[in-house]
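Structure first, commentary second.
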Amino acid sequence: MNEELGITIGMAARAAREHLGLTQAEVAERIGLVHPVYSRLERGKMLPSVPSLYRLCQELRVSPETMLGLTPEGAVRKGRKPAPREDGDAPDLRRLLHLARKLDAEELDALLNVASVLAR
């Protein structure tokens with residue numbers, strides 16, 4: 001394994017995930033990996049397969065070039081987050097949407113009622 005590449009991908013994935021307000025478990029589930037494997041990927045201890053890298057780039061909304069450190073934005077350093085997304089969604093709203101998609105109709109109705117009351 002190319003250790004430097006693993007660290008580059010892991011740091012880019014962590015920065016993008018944190019920017020989106022997602023947990024490691026959420027990203028792992030979305031891209032079809034188990035949490036411990038995704039954790040190893042973020043720590044730079046393993047390289048993703050090409051299909052996993054593709055899904056990771058899609059889910060985190062990061063270009064493969066950025067993820068591989070081939071662009072100035074890809075030169076991710078600790079404490080530096082990727083540029084904000086164009087659609088302007090707050091990370092909490094995206095996380096809420098992800099969780100809401102898991103609810104059945106009755107649970108979703110209850111969530112909508114609570115949100116309506118809180119929005120008043």
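Only this structure's heavy atoms are used, side chains among them; waters, hydrogens and symmetry mates stay out.
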Answer yes if [X] and [Y] sit in the same cluster of Ile, Leu, Val, Met, Phe, Trp and Tyr residues linked by side chain heavy atoms under 4.5 Å apart, and no otherwise.
| X | Y | answer |
| --- | --- | --- |
| Leu70 | Leu60 | yes |
| Met67 | Val50 | no |
| Leu33 | Leu5 | yes |
| Val37 | Ile9 | yes |

In Å and rounded to the nearest 0.5 Å, what is the [atom1] to [atom2] distance from [X] to [Y]?
| X | Y | atom1 | atom2 | answer |
| --- | --- | --- | --- | --- |
| Arg30 | Gln58 | CZ | CD | 12.5 Å |
| Arg17 | Thr23 | CZ | OG1 | 7.0 Å |
| His19 | Arg61 | NE2 | CZ | 10.0 Å |
| Glu18 | Gln24 | CD | CD | 9.0 Å |
| Arg43 | Arg40 | CZ | CZ | 7.0 Å |
| Leu53 | Ile31 | CG | CD1 | 9.0 Å |

Before giving the answer on side-chain contact (heavy atoms from CB on, under 4.5 Å), spell out for Arg14 and Met11 the whole-Å C-alpha distance, their side-chain angles and the decisive distance to 0.1 Å. CA-CA 5 Å; Arg14 175 176 287 137; Met11 288 175 58; 5.7 Å; no
Which atom of [X] lies closest to which atom of [Y], heavy atoms considered:
| X | Y | answer |
| --- | --- | --- |
| Leu41 | Pro48 | CD1-CB, 3.4 Å |
| Pro64 | Cys57 | CA-SG, 3.7 Å |
| Leu56 | Val27 | CD1-CG1, 3.9 Å |
| Glu65 | Thr71 | CB-CG2, 3.5 Å |

Output the rest of the hydrophobic cluster of Leu118: all Ile, Leu, Val, Met, Phe, Trp and Tyr residues reachable through side-chain heavy-atom contacts under 4.5 Å, sorted by chain and number.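 Members other than Leu118 - counting any ILVMFWY side chain reachable under 4.5 Å - are Val114.
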Polar side-chain atom of Ser39 near backbone of His35 as donor-acceptor pair, under 3.5 Å: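 Side chain of Ser39 to backbone of His35, a donor-acceptor pair under 3.5 Å: no, none is there.
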Which residue pairs pass the salt bridge (charged side-chain N to carboxylate O under 4.0 Å, His left out) test when at least one of the two sits in residues 105-115, sequence neighbours left out?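 The answer is none; no pair qualifies.
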